Asker: 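Here it is, the structure in full.
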Amino acid sequence: MSEHEFHPLVKQLLDGDITLAALPPELRAEGEEALRLLAAVDRSVVSVPAVTWRVMAGIERRRRRVRPWLLAPALALAAALILWILPEAHEVSLAGTFNRWDAHVTPLVRSGPTGVWTATLTLPAGQHQYAFVVDGARWVPDPGAPAVDDGFGRRNSVLTL
Amino acid sequence: MIATLLVIPLTLLGMQQQDSIAVRLAGRVSPDIATLVERLGIAASARGLPVDPLIQKAIEGSAKGIPSERVATAVRWVEMQLDTAAAALREGGVATDTLVIAAGEFAISAGLSNHDITALARIGASVAALTVGLRVAGTLAAMGVPSAENIGLISEKLRSGQPAGDVLSVPGRVQAEISRGVTPAQAAAGLERAAAAQAKHGPPPGRGNPPPHPTPPPHP
């Protein structure tokens with residue numbers, strides 16, 4: 001799985017939008033592998049980084065084809081699958097440099113009863129800082145991403161695409 | 001007379017900058033923070049510094065519910081780091097460019113020193129490549145890669161003129177190595193050796209550009 005990015009249909013499967021049976025036969029194995037990884041994540045919070053970075057590595061390979069991103073950042077877009085485990089949360093969103101730290105515009109979607117929250121974003125290639133906002137009040141860095149001091153005594157996660 | 005002619009456009013430019021900052025901050029920060037950021041932003045812009053990091057920090061602090069006085073302190077801190085980054089880049093022979101200064105500010109906030117910034121600037125890479133290098137170096141610092149290995153790896157990448165995509169892939173590759181059980185320092189050092197070997201001998205089999213197709217013989 002680390003050798004390629006998830007197929008868009010597999011991402012829909014991870015988001016809970018479709019079932020494994022709805023995948024074309026040639027994508028079933030990839031879908032099963034993605035679900036297996038998701039299940040592994042569900043059992044152990046510390047496995048989030050590995051999955052997140054695998055997904056990001058796949059995205060990165062696709063993004064490499066877009067080289068002049070600094071010259072035309074608006075044209076160089078990349079997708080990012082954000083994934084987090086928090087069973088007790090009622091509402092989780094993403095806030096960061098990509099949405100002017102607005103905690104209301106990028107909600108994560110809960111996938112089933114397991115507490116896996118996901119969002120698939122299309123962002124300009126480059127670097128973004130972000131944090132999860134839990135139940136509209138608690139700002140939490142992504143445990144699966146590097147983080148920097150935010151200047152307010154907390155941490156911001158860093159995503160490089 | 002000449003002084004007056006110069007002052008009028010500069011004043012107009014400052015007013016335009018102030019309006020632009022005010023628009024971006026509208027409804028997102030308290031009036032006192034907006035006033036502070038407008039004032040700092042105009043001064044920063046006059047020194048060739050980017051204004052966006054100041055605006056972002058003010059909005060971030062307000063969104064997080066941080067008290068105004070702490071937001072003001074954080075914005076001033078960002079301004080100071082921008083000055084530090086700009087000076088370090090000038091020391092390394094890089095002319096002022098707002099994107100690269102903002103990247104240097106990020107690298108400093110992530111834990112690199114002004115000497116590290118200067119060291120990367122002295123490599124002589126293009127400003128665009130240096131901007132990417134500084135962003136990635138900051139990310140590596142956030143991942144726990146020590147300064148020596150960090151600067152060694154990014155320097156090697158910049159020297160070899162690798163495309164931005166390859167440099168941007170470095171954090172993911174370091175993380176993959178860390179997942180296999182090595183330390184961040186060992187991961188970065190290993191990638192530096194690999195990059196140096198690749199620069200010397202070319203990419204490993206199957207990784208480079210494919211050989212060109214032979215030209216078909218002309219039709220008789």
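Excluded from the calculations below are hydrogen atoms, water molecules and symmetry mates; all remaining heavy atoms, backbone and side chain alike, are included. In what follows, chains are A, B, ... by sequence order, proteins preceding strands, each numbered from 1. None of these values were measured; they are calculated from a predicted model.
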Asker: Hey, what do you get for NZ (B:Lys64) to CZ (A:Arg138), rounding to the nearest 0.5 Å?
Answerer: 14.0 Å

Asker: Check whether any side-chain heavy atom of B:Glu60 lies under 4.5 Å from a side-chain heavy atom of A:Thr97, and answer yes or no.
Answerer: no

Asker: Please give me the minimum heavy-atom distance between A:Phe152 and B:Val71, naming the atom from each residue.
Answerer: CE2-CA, 3.9 Å

Asker: Quick one: of B:Ala63, B:Ala74, B:Ala103, who has the most non-hydrogen atom pairs under 4.5 Å with chain A?
Answerer: B:Ala63

Asker: Identify which one of B:Leu140, B:Thr139, B:Val132, B:Val170 satisfies the side-chain contact (heavy atoms from CB on, under 4.5 Å) criterion when paired with A:Thr160.
Answerer: B:Thr139

Asker: Would you name the heavy atoms of A:Ala147 and B:Ala142 that are closest together and state the gap between them?
Answerer: O-CB, 3.3 Å

Asker: Tell me, do A:Arg100 and B:Arg24 make a side-chain contact under 4.5 Å, heavy atoms counted?
Answerer: yes

Asker: With heavy-atom distances below 4.5 Å as the criterion, would you say the side chains of B:Thr131 and A:Gln127 are in contact?
Answerer: no

Asker: Can you tell me which of B:Gly61, B:Gly144, B:Gly111 forms the most heavy-atom pairs within a distance under 4.5 Å of chain A?
Answerer: B:Gly61

Asker: Under 4.5 Å heavy-atom distance to chain B, tell me which part of A:Ala103 shows up: side chain, backbone, both or neither.
Answerer: neither

Asker: Report which part of A:Asp150 has an atom under 4.5 Å of a heavy atom belonging to chain B: side chain, backbone, both, or neither.
Answerer: both

Asker: Can you see which heavy atom on B:Ile59 is nearest to which on A:Trp101, and at what distance?
Answerer: CG2-CB, 4.3 Å

